[in-house]
Structure formats: C-alpha cells, structure tokens
Amino acid sequence: MLRFIIMRVLHVIPTLVAISVIAFFIIQLPPGDFLTTQIASLEAQGQSLDPAQLDALRARYGIGDPFWVQYWKWISNILLHGDFGLSFQFQRPVSALIAERLPLTLALGVATLLFTWAIALPAGVYSAMKQHSFGDYTISGIGFIALAVPNFLAALVLAYLGFELFGQSVGGLFSPEMVNAPWSMAKFVDLLEHLWIPVLVIGLAGTAGVIRVTRANMLDELNKPYVTTARAKGLSEGRLVTKYPLRIAMNPFISTAGWHLPSLFDGEIIVAQVLALSTIGPLLLTALRSQDMYLAGGIILIIAVLTVIGTLLSDILLAAVDPRVRFGKA
C-alpha cells in the first residue's frame, strides 16, 4: 500500500507542472498583455499610471520576456510567496479574492457530496434489492423528475418556498446582517440555515444519477455466482450485501469522487447567479468576461490542483477498499 501511495504521489508532480503551464498559457491567450489592458482601462476613466510604477510592474511580471521566463516568475511567486498576481478589474491581489470565496465553495462542495451519497447510496441499494417493487418505481420516478428539472428552475422554486415557509432571505449564504460579521457560532448557524437550498439544488440531479448507477451496479453484482454461493452457505442477506456486492458497487463512486469538485465549479455557476452565492464560480465567470487574466488563470490553476489532489485521494481510498487496485499496476 505504501509503494502504491508513493507511486501515485510521484505521478501527481509532473501532472501539476503540466497543469500550471496550461493555466499560464490560458493567461497569455488574450491579445496584448494585462498592463496594456490596464492602461487602456485607466485612460478610459481619465486616469493614468505612473511611469515608474509601470516599469516596476513590467519587471515584476516579466512583460516582454520569453514565455518560459514569464511562466517561471508567475509560478515561483505562487510557490514561494503565494502571490497569484494582481486582478486589474478589482485592483486587488488574486490570492485575496480566491481566499474570500474558496472556503465557502469547498464547504458547499463537501456538503453537496455528503448529501448526494447519504441519499443516493441507500436509495440505490434499496431499489436494486426490491427490484420492480412499488418503492423501486417510486425512487426511479423521483430520479427521472430530478434529472429533468433544470437547476436554475429548482433554485427559483426552493428559494420561493424558503421565503414563504421559513421566512428566509432569498439569495446568498448569509443573512444581510451576517454578511460582514466576524465568524462566530451565530454566523455558522446562519450559514447552515441558508446552505440547504444550494445543496439541495446542486445535489438533486447528481443524487438521481448516483441512484441509477448504484442500482445498475448492485443488480449486476447480485446476479453473480459468488453471491449465490454465499447465500447458499447461509449468510444473512444484510451481511451478504454489505460485505460483497456493495463494496464492489461503490468502486465507481470512490474512484470519481475527486471529479466532484470541478463539476461543482461548472454546474453551480447558474445556481450561484440565481441565488447570489459568493462562491468561486461567479468570480471565474466575471474574470473570463472581463479578460482578467491573472484572476482567471489563478482560479483555473486552483481548480485543477484540487482536482488532481481529489483524484489522488480517490485512488488511495479505492486501493484501501479494493485490494485488486494496489496489487495491479494502477
């Protein structure tokens, strides 16, 4: 197991280097450089940049230097100083903007993943064990409805119900009086009171999908000879299911858990816009629209790194659950 973990960690290093190069390449794609864009923006507002400050910024970011020199300055500043550059749209460091939104985005992602698994796995197993029963058809019907309803529509409906039934302010992850308040138990409780709507909306379609995959995997495993043999030896049904078919049926979920986070960044943008969530998704959309290169590149790099780390953790968990993985060449 230790050898497997070391090999997987060694595979991660070149992957991260390649991802950082791609992220910086994306930064360089827009014509011109970010200083030219910033100067044009300031001139449009009737302002100008001090020549000495301009020269300092050119030296700081290596404007005019070859691609690899600029890349090295960018990545070395991130690795050594945590400096992702300057967002010319917000006129603030990119690291500060990401730090403000990343924790809430991760909290939303983890809560959504836990919600999805907590609902979908038992429902999928029950649906497979009780195939063609009333419960199976009910779960499948609810799943089809959840897959068919667009996220933005579900967000609007739940936001309306939350306001009408529970009197909650619609939009955001906090009440207006808690937005700028320092962290406390009251603010944490306020977050939990608002978090359930985006978790339910974003997790709805994912839950339906996991139910269908779990049901299909379980049905496939339940019909295999080793299950028939175990049942013939007198093993109780509950112990048989949890000990053998369920462990194998969960492999696809464990191996793809690391991909949940990037799908959250993509899928929650519309929901975040509807519910006015202060997460990373809307910030990335704003950065791409305004060609705020260092902000967009920094967010893309963070998402990619989290995806690689998540995949690494998924592989390690999968190897712990299924010994066939670590005995192979994976």
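Positions are given from 1, in the same order as the sequence printed here.
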Taking all non-hydrogen atoms of both residues, which atom of [X] and which atom of [Y] are closest, and how far apart?
X    : Y    : result
S95  : G82  : CB-O, 3.5 Å
P103 : I98  : CD-O, 4.3 Å
L195 : A111 : CD2-CB, 4.0 Å
S87  : L97  : CB-CD1, 3.7 Å
A208 : G143 : CB-O, 3.3 Å
L86  : Y294 : O-CB, 3.8 Å

With clusters defined by side-chain heavy atoms of hydrophobic residues (ILVMFWY) lying less than 4.5 Å apart, directly or transitively, does [Y] cluster with [X]?
X    : Y    : result
V157 : F144 : no
I22  : L79  : yes
V308 : I299 : yes
L114 : I211 : no
L219 : V210 : no

Residue pair [X] / [Y], side-chain heavy-atom distance below 4.5 Å:
X    : Y    : value
L200 : T112 : no
I78  : L301 : yes
Y137 : K130 : no
L306 : L102 : yes
I303 : T307 : yes
N77  : F84  : no
I139 : R215 : no

How far apart are the C-alpha atoms of V21 and W68, what are their side-chain angles, what is the distance that settles it, and do they pass the side chain to side chain contact (heavy atoms under 4.5 Å, CB included) test? CA-CA 9 Å; V21 173; W68 291 109; 4.2 Å; yes

Quick one: pull up [atom1] in [X] and [atom2] in [Y] and give me the separation to the nearest 0.5 Å.
X    : Y    : atom1 : atom2 : answer
S127 : I142 : OG    : CD1   : 10.5 Å
Y126 : Q131 : OH    : CD    : 13.0 Å
L113 : L108 : CG    : CG    : 11.5 Å
L16  : I309 : CG    : CD1   : 7.0 Å
L295 : I300 : CG    : CD1   : 9.5 Å
S20  : Y71  : OG    : OH    : 2.5 Å

Distance-only, no hydrogens or angles: does the [X] side chain make a donor-acceptor pair with backbone N or O of [Y] under 3.5 Å?
X    : Y    : answer
D220 : A216 : no
T214 : V125 : no
R101 : T279 : yes
D190 : A186 : no

When the ring centroid of F24 is compared with that of F67, is the distance short of 6.0 Å? yes

Run the side chain to side chain contact (heavy atoms under 4.5 Å, CB included) test on D136 and M129 for me, step by step, so that the C-alpha distance in whole Å, both residues' side-chain angles and the decisive distance to 0.1 Å come before the verdict. CA-CA 9 Å; D136 178 28; M129 298 292 295; over 6 Å; no

